[in-house]
Structure formats: C-alpha cells, structure tokens
Amino acid sequence: MLAALINVPPNVGYPVVFGLIAIETMGVPVPGETALIAAALLAHHGQLDIVPLIVIASLAAIIGDNIGFAIGRRGGRRVFAAPGPLHEYRLKVLEHGEPFFAKHGPKAVFLGRWVSGLRIASAWLAGINNMSWPTFLFWNALGGIAWATSIALGVYLLGDIAEKVISTAGPVAAAVGVIALIGVVVWHRRRAGA
C-alpha cells in the first residue's frame with residue numbers, strides 16, 4: 001500500500017499533515033502535498049476520516065501561507081536584494097514582481113496552490129511585492145480550501161485507482177525530473193562556457 005510507504009501513521013496522521021502543509025506553505029520545501037495525498041489514501045482505506053483531514057489541511061494551508069506572507073512582507077525584499085548568487089536576476093524579479101502582483105496577484109495566490117514551486121513561494125512573493133493583506137487573505141483562504149478539498153477528495157474517491165496511478169507515475173516522474181535536471185545543468189554549463 002502506497003500510503004504505508006509514505007509513512008504517515010494513522011495515530012499521528014492529522015498532526016503530521018497539518019505540520020507538513022503549514023511548513024510547506026510558509027516557504028520551506030517539504031512534502032506537504034505528498035502527506036495530504038498519503039493521508040487521503042489512508043482515509044480511503046478507513047484509517048483516517050476525510051472531513052477532518054480536509055479541514056485540517058485547509059487550515060494548515062491558510063495559516064502557513066499567512067506566516068509566509070508576513071515573512072515576505074517583513075524581510076523578504078531585504079533578503080532578495082542582498083548581494084550574493086543570482087543577485088542581478090533577483091533584482092529583476094523584484095522589479096517585475098510588484099506590477100505582476102498588482103495585476104495578477106489574486107490569480108497567482110489562488111492558482112499557485114496546484115503548482116508545487118509556486119505553492120511554496122507564492123505567499124512570500126505576495127508579501128515581498130506588497131500585495132494587500134485582505135486581498136491575499138481572501139484568495140489564500142479560498143485557494144487553500146479549494147486545494148485541500150480537491151486533492152484530498154479526489155484521491156479519497158479514486159482510492160485504489162489513484163494509488164495505482166501514483167505507483168506507476170512516481171518512478172516515471174522521478175526519471176523525467178532527473179533527466180530534466182541533467183539537461184538544465186548541461187545547458188547552464190554550456191551557456192557559462194560560451
């Protein structure tokens with residue numbers, strides 16, 4: 001059973017899911033969505049209840065993102081503008097970020113929930129780029145609830161089918177990821193040498 005391999009035991013399932021999702025949405029790359037998927041599989045097999053799982057995952061996503069937003073608002077710009085690796089690139093991101101968030105911020109916060117890298121960074125970026133907190137809070141809460149419900153309920157309802165797809169797609173996705181990473185490294189080295 002895939003849920004057992006991911007190691008979210010039923011007796012600590014809810015706190016682990018809450019913690020991982022909250023930490024992930026604060027901006028730390030941990031497997032929050034993976035924990036939600038594993039917990040939804042456990043719910044499908046009767047080891048957790050789906051409704052409390054969705055509520056806990058939604059709250060974790062909303063709380064974690066609000067902490068990430070506060071971190072971005074208070075110190076994110078200073079960190080992004082600090083000298084160091086990719087300094088010029090980071091300055092360009094700051095230059096283009098505010099107009100982007102002024103125009104597309106609500107969409108980025110809401111839709112970013114379903115995109116792994118953006119789920120981790122969107123709260124920080126919204127804070128760094130001075131998105132209004134009430135606007136962020138609304139779209140963050142709406143996105144958190146919709147994301148937790150869609151992922152957990154989808155996996156819960158698909159159950160064994162979802163488990164088979166994940167078991168098959170996991171190694172394929174890992175291989176594609178490794179190949180893509182190698183490609184990026186080769187491209188970067190060729191570009192640096194040119």
Side-chain angles (χ1 to χ4, degrees), residues 2-3 5-9 12-42 53 56-82 84-87 89-90 92-94 96-97 100-101 105 107-129 131 136 139-141 143-148 150-152 154-155 166-167 169-185 187-188:
L2 183 63
L5 294 175
I6 298 174
N7 197 19
V8 180
V12 295
Y14 299 122
V16 168
V17 169
F18 181 90
L20 287 173
I21 291 173
I23 291 168
E24 180 186 51
T25 58
M26 281 180 213
V28 179
V30 298
E33 186 172 63
T34 302
L36 178 58
I37 290 168
L41 285 172
L42 288 171
L53 177 62
I56 287 167
S58 298
L59 288 171
I62 294 165
I63 292 167
D65 256 2
N66 275 278
I67 293 170
F69 180 87
I71 291 169
R73 177 65 59 91
R74 294 198 179 161
R77 185 170 287 277
R78 191 174 45 239
V79 169
F80 247 65
L86 302 172
H87 183 251
Y89 173 77
R90 288 184 283 122
K92 285 183 183 179
V93 168
L94 286 175
H96 297 291
F100 174 84
F101 267 87
K107 290 180 277 192
V109 169
F110 180 82
L111 296 173
R113 287 282 180 196
W114 288 271
V115 181
S116 184
L118 193 52
R119 182 175 48 257
I120 293 168
S122 66
W124 272 59
L125 293 172
I128 287 170
N129 290 296
M131 185 176 187
F136 173 80
W139 290 103
N140 168 50
I145 293 165
W147 170 78
S150 66
I151 298 296
V155 171
I166 293 166
S167 295
V172 172
V176 169
V178 168
I179 292 168
L181 180 62
I182 291 169
V184 167
V185 168
W187 173 79
H188 189 330

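No experiment lies behind these values; they were computed from the predicted model shown.
In this structure the side chain of V79 never reaches within 4.5 angstrom of the side chain of R90, judged on heavy atoms. Looking at W147 and I21, their side chains come closer than 4.5 Å, going by heavy atoms from C-beta outward. Put simply, the side chain of E33 does not reach to within 4.5 Å of the side chain of L20, judged on heavy atoms.
Rounding to the nearest 0.5 Å places CG of L36 at 8.5 Å from OG of S150. To the nearest 0.5 Å, atoms CD1 (I23) and CD1 (I67) are separated by 9.5 Å. One distance of note links CE of M131 with CZ of F100; it measures 10.0 Å at 0.5 Å rounding. Note that CG of L53 and CD1 of I151 are 11.5 Å apart. Values are rounded to the nearest 0.5 Å.
Residues in residues 66-76 take part in these side chain to side chain donor-acceptor pair (under 3.5 Å) pairs, two or more places apart or across chains: N66-W133.
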Would R77 and N129 satisfy side chain to side chain contact (heavy atoms under 4.5 Å, CB included), going step by step from the backbone distance to the final call? CA-CA 8 Å; R77 185 170 287 277; N129 290 296; 3.9 Å; yes
Side chain to side chain contact (heavy atoms under 4.5 Å, CB included) between F110 and N140, intermediate numbers included: CA-CA 6 Å; F110 180 82; N140 168 50; over 6 Å; no
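F69 and F136 have parallel rings, their planes meeting at less than 30° on a 0 to 90° scale where 60° marks the start of perpendicular.
Between A39 and V17, the shortest heavy-atom contact is CB-CG2, 3.5 Å. Nearest heavy atom pair, residue R113 against residue I62, reads NH2-N, 4.2 Å. The two residues F18 and L59 make their nearest non-hydrogen contact at CE1-C, 4.1 Å. Summarising the geometry of T25 relative to A123, their closest heavy-atom pair is O-CB, 4.0 Å, with the distance given to 0.1 Å. Closest approach of S122 and A108 over heavy atoms only: CB-O, 4.4 Å. In plain terms, the two heavy atoms of A152 and A40 that are nearest each other are O-CB, 3.5 Å.
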